[in-house]
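For reference, the structure discussed in these notes is given below.
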There are 2 protein chains.
Amino acid sequence: MFDIKRLHVDTTTTLIAMEDEVDRLVAAWRRERPDLDVEPLEVLSRVSRLARHLDRARRLAFTEHGLESWEFDVLTALRRAGTPYQLSPGQLLTQTLVTSGTMTNRIDRLTKKGLVERLPDPSDRRGVLVRLTDEGRDRADQALAGLLAQERAILGELTRAQRGELAGLLRQLTAPFDNVPG
Amino acid sequence: MFDIKRLHVDTTTTLIAMEDEVDRLVAAWRRERPDLDVEPLEVLSRVSRLARHLDRARRLAFTEHGLESWEFDVLTALRRAGTPYQLSPGQLLTQTLVTSGTMTNRIDRLTKKGLVERLPDPSDRRGVLVRLTDEGRDRADQALAGLLAQERAILGELTRAQRGELAGLLRQLTAPFDNVPG
DNA sequence: GTGAAGTCTCTTGATGTCAAACATCTTGAC
DNA sequence: GTCAAGATGTTTGACATCAAGAGACTTCAC
């Protein structure tokens, strides 16, 4: 088993490692269901919970720039595509992990706000291309700067080496999802 | 900068490290905005995306047990509390990271399904206690076993030591959120 | 005791998301 | 050519979530 929790049984110096909600969660399971091996929760429950915290923090950061989180997701996907800043709804799906109906709705709303526009795909008459307007591009750039500042603050807990290690381990978990069309 | 990506420029042996969507995302930003340091995304975008993938996988696993994800979250929080399997809505909030209105709604629906029941708090007349029914307890236990099996499969990518390391690094990021009431 | 401030849960209204069905177009085997 | 299978984007209806605020109760200083 892991000894990590041993590090902070001494409550006088919590500098070494703070307990988090998942520690309490896992301890509770070990008490209630000692027959079960709940070790997987140590990793994956933390991922889920951290993501929820990040969602909330991002929401706050974006409202300062007059954007919603979902708007940021779509606008930056287009921004990353480079000139002429256009992608198909299908390409946007794989980047944002939402369903196609949701994406249609998002494009509608962004079009109404003048941040993107819909064009027919010249090479496939079923298809559509979504293009960023100039204002959409500016808004995306501003919000990205804000987001990075916030994320840097959150990651201040870790050294550069730790961040690299964490990124590598997470990549091993995400790669199967991203590469097998699931 | 990180050298991690260097590991898999050789496309003949991808055993070492597979590229994921965030690698592509970061590469795109470095091309489009070379003036910006987007290193924080290497960690936090992976956390968010992995969480979305996990959400989907969990949803599938739970439907096999006739439960929704949100039902699982509430039922297991009560299950972990131990006999007599009851908590206040407020305690459930902090564990599930939803707003109070959402929790009210969840308790309503679980009550209708006969999985929990609402009792007046004997020590505080503003308060309520939510208690698991016998059926609720059984359903929670079954679904937990299913979830753990699935999570073990996902984590098969990593060695035990890597899982321990990952858990430790994630704890450092989640602890500030969990301990400073935010 | 009394009042102000805080806590706890529920209600309300707006909104975003999903799953599933659908219309349109493309592709490839024959 | 033609037709079935697949791909693409949209529509629909149900539903869960959130933010904000209201109502009921508790706590604590005085």
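Chain letters run A, B, ... following the sequence lines, proteins first and then strands; every chain starts at 1.
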Any side-chain N or O of A/Arg118 under 4.0 Å from OP1/OP2 of D/dT10? yes
Please report, rounded to the nearest Å, how far the P atom of D/dT27 is from the CZ atom of B/Arg125. 11 Å
Whole-Å distance between C/dT9 C1' and B/Gln86 CD? 17 Å
Please determine, for the side chain of B/Arg109, which listed nucleotide (C/dC18, D/dA16, D/dT10) has the closest atom? D/dA16
Both A/Leu129 and B/Ser123 contact DNA chain D. Which one's nearest nucleotide lies toward the 5' end? A/Leu129
Just distance, no hydrogens or angles: give the donor-acceptor pairs under 3.5 Å from side chains in residues 107-115 of chain B, sequence neighbours left out.
from, atom 1, to, atom 2, distance (Å)
B/Asp108, OD1, B/Arg118, NH2, 2.1
B/Arg109, NE, B/Asn105, O, 3.3
B/Arg109, NE, B/Asn105, OD1, 3.1
B/Thr111, OG1, B/Ile107, O, 2.6
B/Lys113, NZ, B/Glu71, OE1, 3.4
B/Lys113, NZ, B/Glu71, OE2, 2.7

B/Met103 CE to C/dT11 P, in whole Å, measures 15 Å
Per nearest nucleotide of DNA chain C, the residue lying toward the 5' end, A/Asp124 or A/Asn105, is A/Asn105
Whether the side chain of B/Arg126 and the base of C/dT7 hold a donor-acceptor pair under 3.5 Å is what I'd like checked. yes
Side chain proximity check, A/Arg131 to A/Leu78, heavy atoms < 4.5 angstrom: no
Checking contacts here: which listed nucleotide (C/dC18, D/dT17, D/dG9) is nearest the side-chain heavy atoms of B/Thr102? D/dT17
For the residue pair A/Gln95 and A/Asp73, establish whether any side-chain heavy-atom pair is separated by less than 4.5 Å. no
To the nearest angstrom, how far is A/Lys112 atom NZ from C/dT15 atom P? 11 Å
Close side-chain approach of B/Pro122 and B/Leu129, heavy atoms under 4.5 Å: yes
Would you mind telling me which of D/dT17, C/dC18, D/dG9 lies closest to the side-chain atoms of A/Ser88? D/dG9
Whole-Å distance separating the CG atom of A/Leu87 from the C1' atom of D/dG9: 15 Å
Please report the distance, rounded to the nearest Å, between CG in A/Asp55 and P in D/dA16. 19 Å
Could you tell me whether A/Asp121 contacts a base, only the sugar-phosphate backbone, or nothing, with contacts defined as non-hydrogen atoms closer than 4.0 Å? nothing
Grab the CD-P distance between B/Glu68 and C/dT17 for me, whole Å please. 18 Å
Just to be sure I understand the rule, does B/Gly101 reach a base, reach only the sugar-phosphate, or reach nothing, if contact means heavy atoms closer than 4.0 Å? base
Does a side-chain N or O of A/Arg106 approach OP1 or OP2 of D/dG9 to a distance below 4.0 Å, or not? no
Report the distance from atom CZ of A/Arg59 to atom C1' of D/dT17, rounded to the nearest whole Å. 9 Å
Given C/dT26, D/dG9, D/dA16, which nucleotide is nearest the side-chain atoms of B/Trp70? D/dA16
On the nucleotide C/dC10, are OP1 or OP2 found under 4.0 Å from the side-chain N or O atoms that B/Thr104 carries? yes
Distance col, row B/Leu170:CG vs B/Thr174:OG1, nearest 0.5 angstrom, shows 7.0 Å
Look only at the side chain of A/Glu117 and the backbone of A/Val130, and say whether a donor-acceptor pair between them is shorter than 3.5 Å. no
Spell out yes or no: do the side chain of A/Ser100 and the base of D/dT10 have one donor N/O and one acceptor N/O closer than 3.5 Å? yes
